[in-house]
Structures are given as C-alpha cells and as structure tokens.
Q: 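Have a look at the structure that comes next, please.
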Amino acid sequence: MGRTLIRGGTVVSSTGRSEADVLIDGEKIVAVFAPGSAIFGFDVAASADTVIDATGKYVIPGGIDAHTHMELPFGGTAASDTFETGTRAAAWGGTTTIIDFAVQSYGQRVFDGLATWHDKAAGNCAIDYGFHQIIGDLNTDSLQAMDGLLAEGVSSFKLFMAYPGVFYSDDAQILRAMQKSAETGLMTMMHAENGPAIDVLVGQLLAEGKTDPYYHGIARAWQLEEEATHRAIMLADLTGAPLYVVHVSAKQAVAQLAAARSRGKNVFGETCPQYLYLSLEENLGAPGFEGAKWVCSTPLRSRAEGHQEELWQSLRTNELQLVSTDHCPFCMKGQKDLGLGDFSKIPNGIGSVEHRLDLLYQGVVEGRITLERWVELTSTTPARMFGLYGTKGVIQPGADADVVLYDPAGHTSIGLGKTHHMNMDHSAWEGYEIDGHVDTVLSRGKVIVDGNSYLGAKGDGRYLPRGLSQYLI
Ligand code: DUC
Ligand code: ZN
Ligand code: ZN
C-alpha cells in the first residue's frame, strides 16, 4: 500500500477544524501537519507513493455506525442485507466501521449465537466490524457467559423490553443482567418499549379492523417508550449499570434521559436518521400499504407533536450522544408484504446504513448542528462509547487510516437508480436531496471508494475486538 498523502483539505475533528495534510503509511495515519510543510527537513510529498488532492473537501474520520442488523432473522424472514452487501453500501456512504448485533436466540447459548455471527461476517465484510451481543434468553447460563464477553472483544449487550415471546426480558431478568453489567463494566443497551402493553393495543386495534401500517405507530405509543425508558433508568440507577438506550424516538424519552444525565448518571442515548426526518403522519400514514416501508420500532413519531424538532435539539445539547441507523432492511415484495392485512406481521426495520453521514450533513447545511458535532455524532462518540477510540473515530497519528473526503460542493440524490447500494427493492429515503457528497473513502489506508468507483473487495473488513466504554463518568 505504501505511503499516501492527503493534501490540501480541511481536517475536521469533534473539537475543531484546520487546514492540514494527512500522511498515511500502510494502514495507519502517521502524521497530521501544516499544509505543504516539511517534517524535520523531510519532504513529505516527495516521499509519498500516492497523493490525493483534497482541495475544497472536508477530511473526516470514517463513519462508525454503532447499530446495524445484517441478516437479522425477524418476523419469519431475515434482514435483506448480508454482511457483504450491507457493509459495501455502508462504505459507499462513508461508513468504515459497523457494530452489528450478534443474536442469542431463545433456547440458544450466548457463545453459540456469537459464533454464528462471526461465521456470517468473517471474510464477507467490506469494512471493519465489531459486535454487540443480544441476550435473547436471559437465564443463569447466559449470565455466566456474560463474564466471558469482554475477552471476546464484546463490551456491550442488548436487552429488549419489547417483543414478548421473541427477545423479551422481564424486569427481574433486566435487574440480574444489569447487576452483571455493573460488575463487569459491560454497557447495557436497551430497546426501551413496554412490549406487553403494546401487544394488548395491537390485539385491540386489529380486532377493530385497524390493520394498516399506520396503526403500528398508534400501538407503539410514546407513553410506552417513555415508561420503559424511565424503568430502565431506574433499574440502572439501582444497580449502577451503565445504560445506553437505543433508537430513541419520543421527545418524552429524551427528557427522561436528560434528567438522569443531569443527576450525573452513566445514561446515554442514540437516535436514528428516520426519527429526525420522517413522521407518523407523512410516512407510516402513507396511502394503502405504502407505509410498510417505514415500519420500524421504536416507530416514527408525530410531527404535529414536535418529536423531530426536539430530537435535533437534543443532538445539539448532548442530551442524545450519537446517531446510528438501526439498519434493518426488508424488501416490500416477499418481506414487508407479509403484513398485508395485519400491520403486526410487517417485519420491523428501515435501511439507512448508506445514508447516515449525508442525512446528518444536511443538518449541518440547515444550521441544526455544527460540522464538528457532525463528526462527533457519527464517528468520534461511537468510538469512545464502544471502546474503539484511538484506533477509530479520530484523525491522529497511530489511528487506523479510515478517512473520508467529503465534498461540501457536491450533491447526493438518494433513491433507486440514483444513490442506493443496499439490497432492497425500495428506498425509505427516495427523493431526498443532500447538499454534499462522499467523494473518497479509505479503509485502513486502502481507497475503497473513489468518486463513482468502488475499489474495495469482499473480505477487506476485519473483526474489531472492543474494549470498555470510554464515556463513563
Ligand atoms: N427494531 C427494528 O426496527 N428492527 C429490528 C429490531 C428493532 O428493535
Ligand atoms: Zn431495538
Ligand atoms: Zn436494532
């Protein structure tokens, strides 16, 4: 691979921006320095094998999507992106690391679930990847297994307060797992929705003939997200477990997280692009069965109630700390259409892994977040939160050369036949226009995206063992 010099760009970090050149040797960044300068009399440009002109571009650390579900079995089918197709799409969009969720299914042992995920990913990924562990069957054996997760490079586990009969944990199980989390330092990640209450509402709506996708959003009311978020916070408070609430969509849940954080608790939250942009009325409420495209959980919220604006605000104030996608794609034909006539049978999930950087950058263009906050939300904080910082999430000597050249003068049109490399027959983001463009992507020093060319290969990506979170007080 030799030496690569990225010259003439604006390097943006979570703390500032400056005109700087970046020297890469093999897979690592070795120097970040004033443009064009010699280092100790050494002519850097002359020593480089490759020079990339970054004039007019932002030079940022590769995106880290801390919440994806490649190949996730769900609702009698499986998420349509494989590790191969999903990570390639991620790379096109400037994401150079994903953290996917290994699944322990009901009746399965934790390490068998983890081994299955290693088998799915190994040799197939375009970019580097790590795993969180879903604990889908929280019994004594699982609790014991959790003692060994960190040694496997898995420093976080996810529980579900939703989906009774599938992945669900009750309060007693959550308490036991959180005690383990406090003891080991593993981050407890929580899907916070009151599943048993949702199931009652689902049954009642269906009995009334309310079967359209829109009612998915009605059954999964914000009160049931707020209640579960509050309950999870209280159990974390009691046990001392660090808590990270995934895919927050209700402004009331944000308020619960903010209150806990203001009490000095190790409580964190993420949201996803769909909750910032899309809504119950316009998307889930689209005519006919169209709304199925946007069935995900937690659900899209009402714009009239102002959730989207509050979420953007919470990203400014650090009440929410990062933006992941919860990438969980399903095709309309043969997958989402399993729920024709019964919204509860629509597989839950939206595909966005390719578009997170662009969609968040549009927030920079619109004055909602700063350029630096964009980098922090999409790369630096995910690295710190999930034990990858230093190697990932930053442009500095010693870090992996995962670098994106982002062109603020470029343009991205999202949709089928335009920008779309995910394995889906539709785009949840059809018609979105972004005032910016991912121009060049390097993964550990290798150029994998160069303008409109994909230069990466299946198997480029490596497993990333992770350490404990560096975000805890
Ligand atoms: N939510 C989704 O939308 N899909 C997968 C699982 C989840 O919790
Ligand atoms: Zn979830
Ligand atoms: Zn998820």
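Each ligand, and each atom within it, is numbered from 1 in the order the structure gives.
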Q: His247 heavy atoms, cut-off 4.0 Å: which ligand 1 atoms fall inside?
A: 8 (O)
Q: Tell me whether Glu309 is salt-bridged to Lys251, with the criterion being a basic N under 4.0 Å from an acidic carboxylate O.
A: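 Salt bridge between Glu309 and Lys251, a charged N being under 4.0 Å from a carboxylate O: no.
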Q: For Cys296, which part has a heavy atom under 4.0 Å from ligand 1: side chain, backbone, both, or neither?
A: both
Q: So, 2.8 Å as the limit: is an N/O/S atom of His67 located closer than that to the Zn ion (ligand 3)?
A: yes
Q: How close does the nearest protein non-hydrogen atom get to atom 1 (N) of ligand 1, and which residue and atom is it?
A: Ser297 O, 2.7 Å
Q: With no hydrogens and no angle check, do the side chains of Glu270 and Gln321 hold a donor and an acceptor under 3.5 Å apart?
A: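 No, because no side-chain N or O of Glu270 sits under 3.5 Å from a partner of the opposite role on Gln321.
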Q: Tell me which one of Phe330, Trp294, Phe167, Tyr163 gets a heavy atom nearest to atom 6 (C) of ligand 1.
A: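 Checking each option, the heavy atom nearest atom 6 (C) of ligand 1 is found in Tyr163.
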Q: In ligand 1, which numbered atoms sit nearer than 4.0 Å to a non-hydrogen atom of Cys328?
A: 4 (N), 5 (C)
Q: So, do Tyr106 and Tyr168 have ring centers that fall under 6.0 Å from each other?
A: no
Q: So, of the N/O/S atoms that Asp326 has, which is the nearest one to the Zn ion (ligand 3)?
A: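 For Asp326, the N/O/S atom sitting closest to the Zn ion (ligand 3) is OD1.
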Q: Is it the case that the ring center of Tyr406 lies less than 6.0 angstrom away from the ring center of Tyr58?
A: no
Q: Say whether Asp326 and His69, considering side chains only, have a donor N or O and an acceptor N or O under 3.5 Å apart.
A: yes
Q: Cation over ring, Lys158 on Phe101, under 6.0 Å and within 45°?
A: yes
Q: Quick one: report the N, O or S atom of His191 that is nearest to the Zn ion (ligand 2).
A: ND1
Q: Specify side chain, backbone, both or neither for Asp326, according to which of its non-hydrogen atoms lie closer than 4.0 Å to ligand 1.
A: side chain
Q: Given Ser249, which partner from the list His307, Gln274, Glu225 fulfils the side chain to side chain contact (heavy atoms under 4.5 Å, CB included) test?
A: Glu225
Q: Suppose you place the vertex at the Zn ion (ligand 2); what is the angle out to His247 NE2 and Lys158 NZ, to 10°?
A: 120°
Q: Give the ring-plane orientation class for Tyr215 versus Phe343, where under 30° counts as parallel, over 60° as perpendicular and anything between as tilted.
A: tilted
Q: Nearest to atom 4 (N) of ligand 1, what protein heavy atom do you find, and at what distance?
A: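 Scanning the protein heavy atoms, the shortest distance from atom 4 (N) of ligand 1 goes to Asn348 O, 2.8 Å.
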Q: Below 3.5 Å, N or O to N or O, backbone or side chain included: is there any such pair between His191 and ligand 1?
A: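 Looking only at distances, the answer is yes, because the N/O contact criterion of under 3.5 Å is met.
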